[in-house]
Amino acid sequence: MKRWLKISLGILSGLIILIILTWLAGAFYISRNKKEILTSILGQLNKNLNGKITATGMEPTLLKSFPGVSVSLNGILLRDSLWSQHKHDLIKAKDINVSLNVLSLIVGNVNINQIAINDASIYIYTDSNGYSNTSIFKSKKTDTAKKSDSKTPDLAVKKIDLNRVTLTLDNQKRHKLFNFNIDQVAGRMQYPDSGWTGKIKLKTQVNSFAFNTRKGSFLKDKSLEGTLSAHYSRAIDAIILDPEILKIGGHPFKIGAKVELDKSAFAISIAVDDILFKDVAMLLSPNISSKLLKFGIEKPINIRGNIIDDGSGKYGDPLINVGITVRNNIISIPAGKLTAANFDGSFTNRDTAGGIIGDENSAIKFHRLTAKYFNAPLKIDTFTVTNLARPIATGLVTSQFPLSNLNNSLGTQDFEFKQGTADLRLYCKADIDNFRFTKPVVSGKIKIDNADILYIPRKLRLVKSALNINFDQNDLSIQNGHFQLGKSELNVSCSIANFANLYYTDPDKILVNLKMHSPQLYLNEFLPFLGPRTSKKKTSGGSSIKTASKELSNVLEVSKMNINLTVGKAIYDNFLAKNLAADISLRGEGIYFNKISVAHAGGTLALTGNIIQEPSSNSFRINSKINHVSVKDFFYSFDNFGQKTITNKNLKGYLSSTVNIGGRISHTGKILPRSINGKVVFNLNNAALVNFEPMVKVGKFAFANRNLSNVEIKNLDGTLNIRGDKIDISPMQINSSAMNFNVKGVYALGSGTNVALDIPLRNPKGDENLTRQEKREARMRGIVLHLKAVDDEKGGIKIRWNKDHD
């Protein structure tokens, strides 16, 4: 072996032996002087404390810190001088391991290298008056000269370990509560003249991180794990944490902080990328997370934030500023979903610089927002929600899109858009109540061109439709509206006062004032309004999109409408009317004809009434005044009023009448047989009864030589009371070309006919040269047949003698 190697090994062996001997000497010294060393350690620890640290005993743990020596202090209590008042131990530990410098120990000093606290609780308490038990660490008055000579602090621990420690910071004055279950905190410290620096490894569980206990805890039940670089600056009396990665709930956050000890002020910076929105929300206090979870963002987002507290406690809450970046995401909101969403968002709880901190001065802002809503592209330069105590939302919304984009997006499938375009530009301002827009104020317009729309509940298809919808604050108006329904054309304008408010709060109070003009209408194309809404299959789920669509559908059904209608020509099956002017109201399940006038069948017709929609069929009530219309055309137009006994083929002449009747009409617009009840007062002028079966049968029975198949009547006044399938004929004197007779009784459309006929045998033609008075006096002279028309066995009518005549 070479000489230099022998010398090196000898020196190394000597050093090792020296270290072992020194360690054995230290161990021996500790074993022999436990009481004195414990007293020295406690003296070292109690130095400059405004309180007292005590231990029940000490045992050497020789191998734990070789080549140094260590001791275990048992039953540790650290209490401030006012412990008897608040009863909170600053430190209570089962054992604290203290590593000592061997050389300093041999020369009679205690130099602590490391402290490990195990199975302990640390409770930092501040009462409602601002007193804290940390005041135990405030330095006592010492000799200034001695202080100036010292370059290191009296207690300069180079390594600190905390294991299975509960840490609580309870600030009753500021309503703050921070509570951690520390699995491990390991820190290595250095002590330059400026203060100290350290690298701290952290693994803990958060029980409470409440800046305001009245609003709940941040990071509730979340784990914290990572390594922090910290340093303390004597110059500003502050602890500074350099930005480092810290895992919160398993997700990496970059966190930096500054804590000013003298003012209890702090500032925390947070940055996190690719994190789910719901995971962020669950890190916040319940008063915030409960609101945020009303919304959803499906894909990960990036967040930057700062939490700042100046230590004054003036506002209770710290200042919070948060920025969020969202790209190509899907956002759920109470009113539906935004797809392909992009925006930069921000939140602050002090929107007005220098103002208060809190909900009243909070703001959420979305910048450069683009998205699709119900497949309609939206663009909003800035959307703002201010005053979260009573939220108000504002923003300018623009969009251009084909209407077909809305298909399969509205949830209830009430509408199907074949073609057409929409162009909207709206400035909106609205209160937010339970995350729903209320009291909205809207200004702007929506322009729809060349639309082909199917409204499925009523099976109505509108083609070549166009309209301009204008919003003026709460009011809505439609201008230049044009619709085509089949062969019918409508030009429309309307106004709705206070629409925006009532839409959300009281839709059944919405009143639409609608003006319509048409060159021609085919009324049968509007029959879907008579029927009930088409039932739709229930769809699973209760999405907000469906809710919004159902709201719109409900508004369309329950709102009230006044219609002012003028039509050049109106056609319904056999009915043809000209110069139609109508004032119509739609209320709930009813259609009310306030006033309708029309030229028809050579005369005029005025009408009021209503139709009430019901499940099986609709009830109606009509009050009408008819003036000099062709009775033949009139009966033909109204399909002979649902009966087949007297039809348009049996009638000639001109009719004037007042009609007050009610009945039922089918959903296809047909009057139901035997459903009419009411009264008809009429006048026939220059009339004729042609091939009327009962009259023809009378002729065969008694007047074979007279023409009763064409009975001309110059003038006839009568009153009919209609009772379903029976018509009560008030006593009438009929003077005709074939005979004169009196008639009264009941004519039944089914069974129950009982009509009395008093027929004089004298021929009216023989009285043609008599005066009117003479005709009246001679009318019932001579032989008078008293007949009765009744039912026969075959369901027809038979004529027999009326033995019970008056």
Side-chain angles (χ1 to χ4, degrees), residues 376 400-407 410 412-424 445-471 475-496 499 503 510-531 533-534 549 552-572 575 577-587 591-593 596 598 611 613 669:
Q400 301 83 35
F401 59 94
L403 291 174
S404 58
N405 283 9
L406 301 180
N407 290 334
L410 299 181
T412 60
Q413 300 180 348
D414 281 346
F415 298 92
E416 183 179 352
F417 301 93
K418 304 290 186 180
Q419 63 181 38
T421 60
D423 186 346
L424 65 88
K445 65 180 181 180
I446 301 175
K447 185 178 181 180
I448 296 176
D449 284 325
N450 196 32
D452 185 341
I453 306 170
L454 176 64
Y455 182 50
I456 296 173
R458 298 289 183 181
K459 296 182 180 179
L460 292 174
R461 184 174 181 182
L462 303 173
V463 299
K464 298 179 181 179
S465 302
L467 69 159
N468 292 328
I469 305 173
N470 297 308
F471 294 88
D475 301 334
L476 178 147
S477 64
I478 295 177
Q479 300 173 354
N480 303 319
H482 177 78
F483 300 94
Q484 183 168 330
L485 179 63
K487 295 182 288 184
S488 301
E489 295 184 24
L490 276 174
N491 298 305
V492 176
S493 65
C494 86
S495 61
I496 309 175
F499 171 79
Y503 180 93
I510 290 177
L511 177 60
V512 181
N513 292 307
L514 181 63
K515 292 184 179 180
M516 296 192 296
H517 169 71
S518 174
Q520 66 177 21
L521 287 181
Y522 290 82
L523 299 179
N524 59 330
E525 294 173 341
F526 293 84
L527 289 178
F529 278 112
L530 297 177
R533 285 166 51 85
T534 302
S549 182
L552 175 60
S553 179
N554 179 61
V555 167
L556 292 174
E557 289 297 313
V558 305
S559 58
K560 303 176 180 65
M561 183 179 295
N562 289 337
I563 302 175
N564 185 284
L565 174 66
T566 58
V567 180
K569 184 166 60 175
I571 301 167
Y572 176 73
F575 178 82
K578 297 179 180 179
N579 301 324
L580 171 65
D583 179 4
I584 302 172
S585 298
L586 305 181
R587 300 282 191 278
I591 303 173
Y592 298 87
F593 306 107
I596 297 177
V598 65
I611 297 176
Q613 295 170 306

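Heavy atoms only: backbone and side chains are in, while hydrogens, waters and symmetry mates are out.
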Quiz item: What are the two closest non-hydrogen atoms of Gly486 and Gln484, and how far apart are they?
Solution: O-NE2, 3.1 Å
Quiz prompt | Lys464 to His482 - nearest heavy-atom pair and separation | solution = O-CD2, 3.2 Å
Quiz item: How close do Val598 and Lys578 get, heavy atom to heavy atom, and via which atoms?
Solution: CG2-O, 3.4 Å
Quiz item: Heavy-atom distance under 4.5 Å between the side chains of Asn562 and Arg587, does that happen here?
Solution: yes
Quiz prompt | Shortest non-hydrogen separation from Val492 to Met516 and the atoms involved | solution = CG2-CG, 3.9 Å
Exercise. Would you confirm whether Ser488, through its side chain, and Tyr522, through its main-chain N or O, come within 3.5 Å as a donor-acceptor pair?
Key: yes
Quiz item: Can you name the nearest heavy-atom pair linking Glu489 to Leu521, along with the distance?
Solution: O-CD2, 3.8 Å
Exercise. Start with the C-alpha distance between Leu490 and Leu485, add both sets of side-chain angles, then the distance that settles side-chain contact (heavy atoms from CB on, under 4.5 Å), and finish with yes or no.
Key: CA-CA 8 Å; Leu490 276 174; Leu485 179 63; over 6 Å; no
Practice problem: Taking all heavy atoms of Met561 and all of Leu511, pick out the closest pair and write down the distance. | Solution: N-CD1, 4.5 Å
Exercise. Side-chain contact test, heavy atoms from C-beta onward, threshold under 4.5 Å: evaluate it for Asp423 versus Thr421 and give yes or no.
Key: no
Quiz prompt | Rounded distance [0.5 Å steps], CG in Leu476 versus OG in Ser495 | solution = 9.0 Å
Self-check item: CA sep, side-chain torsions, deciding dist, call: Asn405, Phe417, side-chain contact (heavy atoms from CB on, under 4.5 Å)
Solution: CA-CA 8 Å; Asn405 283 9; Phe417 301 93; over 6 Å; no
Quiz prompt | Min side-chain heavy-atom separation Phe401-Leu424 under 4.5 Å | solution = yes
Quiz item: Any side-chain heavy-atom pair from Lys445 and Asn468 closer than 4.5 angstrom?
Solution: no
